[in-house]
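What follows is a short report on a single structure.
Counting starts at 1 for both ligands and their atoms, in listed order. All values derive from a computational prediction rather than experimental measurement. Below, each value reflects all heavy atoms present in this structure, side chains not excepted, and no hydrogens, waters or symmetry copies.
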Amino acid sequence: MLLKVLLFAFVFGCATALTAPCNVCKTGSPSGTCKTVTIDPCTAQPCGLKQGTNVTFAVEFTAGAAATALTSTVYGIIAGTPIKFNLPNPNGCKDSGIACPLVAGQTYTYTDQLYVSELYPSINLVVQWSLLDQASNPIFCILAPAKIVSK
Ligand SMILES: *[C@@H]1O[C@H](CO)[C@@H](O)[C@H](O)[C@H]1NC(C)=O
C-alpha cells in the first residue's frame with residue numbers, strides 16, 4: 001500500500017506543472033493583461049528545462065485590444081544578454097488553444113512548446129516570452145527564471 005502511494009507520488013511528482021502569477025517584463029507596454037503562467041514540467045522556480053525535451057508554457061491573459069495575427073518570440077536572457085530561441089511553432093493562431101482574431105476584453109489561455117536543444121549549455125537563464133500582434137506590438141511579455149539541466 002505504502003509502495004503504491006510512493007509510486008503514485010513519484011510518477012505524478014515528476015510530471016508536475018508549476019502555475020505562478022505573471023512576472024511581467026520591465027519594459028514595453030503590452031496591450032493585454034497577463035494573469036498566470038503555467039510551465040510543464042516544472043516543480044519550483046527556477047524551472048529546470050531538460051535538454052532534449054519539450055517544455056510547455058501556458059499563459060492566461062486578457063486581451064486589451066483586438067488582434068488578427070499572433071506571433072511568439074522567445075529569448076533566453078543569459079547574464080543580461082538576450083539570445084533568441086527558435087520555436088517549432090511561433091504562430092500564436094495555430095495549435096495554441098486560441099481561435100483568432102482576439103477579441104478585446106476576452107480571456108484566453110495561450111499554449112506553446114519550447115524545445116530544449118541538447119546543444120544548449122547547462123546554465124541559468126531567464127526565459128522572456130512575448131506574444132506579438134499583427135503590428136508587432138506586445139500583447140503580453142513574461143519572464144520566467146529557469147536553468148538548463150542535462151538529461
Ligand atoms: C517536441 O515537439 C515536437 C513538435 O511538437 C515533436 O516533433 C518532437 O517529437 C517533440 N520532442 C520530444 C522529445 O518530445
Side-chain angles (χ1 to χ4, degrees), residues 4-25 28 30-63 66-79 81-103 106-151:
K4 262 191 190 167
V5 170
L6 285 176
L7 193 65
F8 186 86
F10 178 76
V11 169
F12 290 91
C14 278
T16 304
L18 180 111
T19 299
C22 299
N23 178 10
V24 298
C25 300
S31 59
T33 308
C34 186
K35 299 181 141 183
T36 61
V37 180
T38 300
I39 301 170
D40 185 10
C42 176
T43 43
Q45 282 185 329
C47 294
L49 311 179
K50 207 169 178 189
Q51 289 173 343
T53 66
N54 288 312
V55 179
T56 302
F57 280 70
V59 179
E60 189 190 12
F61 69 97
T62 301
T68 52
L70 306 173
T71 307
S72 274
T73 57
V74 178
Y75 288 88
I77 303 172
I78 299 161
T81 304
I83 295 171
K84 193 162 186 186
F85 275 89
N86 288 315
L87 287 175
N89 173 30
N91 183 349
C93 292
K94 185 176 146 258
D95 302 329
S96 65
I98 296 180
C100 291
L102 289 189
V103 177
Q106 277 202 24
T107 297
Y108 298 90
T109 299
Y110 163 82
T111 304
D112 201 3
Q113 287 193 329
L114 183 68
Y115 179 70
V116 185
S117 169
E118 293 171 30
L119 301 175
Y120 296 160
S122 300
I123 43 164
N124 292 318
L125 74 166
V126 175
V127 176
Q128 179 186 304
W129 197 305
S130 308
L131 188 65
L132 308 177
D133 67 13
Q134 65 284 351
S136 294
N137 292 320
I139 295 165
F140 65 73
C141 175
I142 56 125
L143 300 170
K147 57 181 184 226
I148 311 270
V149 292
S150 51
K151 41 182 210 164

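Taking Pro82 as the reference, Tyr75, Ile77 meet the side-chain contact (heavy atoms from CB on, under 4.5 Å) condition, with sequence neighbours excluded. Residues passing the side-chain contact (heavy atoms from CB on, under 4.5 Å) test with Ala135, sequence neighbours excluded: Asp133, Asn137. By the salt bridge (charged side-chain N to carboxylate O under 4.0 Å, His left out) test, Lys151 pairs with Glu118, sequence neighbours left out.
Listed by chain and number, Gly52, Asn54, Gln113 each place a non-hydrogen atom less than 4.0 angstrom from ligand 1.
The shortest distance between side-chain heavy atoms of Leu132 and Pro138 falls below 4.5 Å.
Nearest heavy-atom pair, Ala17 versus Thr38, reported as atom, atom and distance to 0.1 Å: CB-CG2, 3.9 Å.
The backbone N or O of Thr68 sits less than 3.5 Å from a side-chain atom of Gln134, completing a donor-acceptor pair.
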